[in-house]
Amino acid sequence: MKKMIILSLLFVVILVSQSFAEWTGKQTISVMKAQTGGIYILLDGFTNASADVTCSSNAFFLPDSDTNYDTKVSFLLASFMGNEEVNFSYYGCTSNYIQVGSVQLAK
C-alpha cells in the first residue's frame, strides 16, 4: 500500500513539474558569453511571453552549478558554431535572466 501511495505521489509531482515548463521553440543563438558563475545566452529575436516565468530580461543564463552543465555547454557550442537552431525549456529566473532548463537540438 505504501508503495502505491509513493508511486502515485511521484507521478503527480512529475506531471506538475512538466506542466510548468516553458519552451522557446526553435531559435538561433546570437550571443554567448562566458562569465563568472555561468554562461549568458541571447536567442535571436526571442521574447518571453510566459505568464508563469516573468524575468526582467529575455536573455538566458546557465549557471555553472547546473548538474548537467558540461553537457548543456557542449550542446550550446555545437548549436552556436554550426549555426543550428536550439530549443530550451525553462522554469524560472536566476539573476534576472531566464534559467536554462534543458537544451534540445533538432533538425
Side-chain angles (χ1 to χ4, degrees):
M1 181 67 170
K2 286 182 183 180
K3 285 184 181 180
M4 184 61 115
I5 292 172
I6 291 172
L7 287 174
S8 296
L9 287 173
L10 182 60
F11 182 71
V12 168
V13 167
I14 290 171
L15 285 178
V16 169
S17 67
Q18 293 297 320
S19 67
F20 293 115
E22 298 289 343
W23 288 88
T24 60
K26 291 183 179 180
Q27 303 286 330
T28 304
I29 298 173
S30 58
V31 175
M32 284 183 65
K33 178 184 173 190
Q35 59 189 46
T36 301
I39 304 285
Y40 165 90
I41 307 128
L42 189 60
L43 300 178
D44 190 32
F46 174 78
T47 301
N48 180 21
S50 172
D52 295 323
V53 181
T54 55
C55 309
S56 60
S57 173
N58 283 314
F60 287 83
F61 191 74
L62 176 61
D64 58 12
S65 60
D66 189 285
T67 55
N68 291 318
Y69 179 78
D70 292 338
T71 302
K72 290 177 184 177
V73 169
S74 296
F75 275 51
L76 293 171
L77 287 172
S79 173
F80 186 67
M81 299 289 287
N83 201 30
E84 296 290 334
E85 292 180 324
V86 66
N87 188 10
F88 294 161
S89 71
Y90 57 98
Y91 303 88
C93 307
T94 183
S95 301
N96 300 321
Y97 298 114
I98 304 167
Q99 184 168 339
V100 175
S102 61
V103 179
Q104 178 185 42
L105 299 178
K107 289 189 175 193

With a cut-off of 3.5 Å and sequence neighbours excluded, list every side-chain donor-acceptor pair involving residues 72-84.
| from | atom 1 | to | atom 2 | distance (Å) |
| --- | --- | --- | --- | --- |
| K72 | NZ | D66 | OD1 | 3.3 |
| K72 | NZ | D66 | OD2 | 3.1 |
| K72 | NZ | G101 | O | 2.4 |
| S74 | OG | D70 | O | 3.0 |
| S79 | OG | E84 | O | 2.6 |

Enumerate, atom names and distances included, each donor-acceptor pair closer than 3.5 Å involving a side-chain atom of residues 37-48, sequence neighbours excluded.
| from | atom 1 | to | atom 2 | distance (Å) |
| --- | --- | --- | --- | --- |
| N48 | OD1 | S50 | N | 3.0 |
| N48 | OD1 | Y90 | OH | 2.8 |
| N48 | ND2 | V53 | O | 2.7 |

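Residue F88 is not grouped with residue Y91 when hydrophobic side chains (ILVMFWY) are merged at heavy-atom distances under 4.5 angstrom, including chains of intermediate members. In this structure, I98 is a member of the same hydrophobic cluster as V86, with clusters built from ILVMFWY side-chain heavy atoms closer than 4.5 Å.
Scored by the side-chain contact (heavy atoms from CB on, under 4.5 Å) test, D64 finds Y69 as partners (sequence neighbours excluded).
Applying the side-chain hydrogen bond (donor to acceptor under 3.5 Å, both in side chains) test to residues at least two apart or on different chains, the pairs with a partner in residues 94-106 are N87-Q104, S89-S102. The disulfide bond (SG atoms under 2.5 Å apart) pairs that include a residue from residues 46-107 are C55-C93, where partners are two or more places apart or lie in different chains.
Side-chain heavy-atom separations under 4.5 angstrom define the hydrophobic clusters, and W23 shares its cluster with no other residue.
Listed here is the closest heavy atom pair of T24 and Q27: O-NE2, 3.2 Å.
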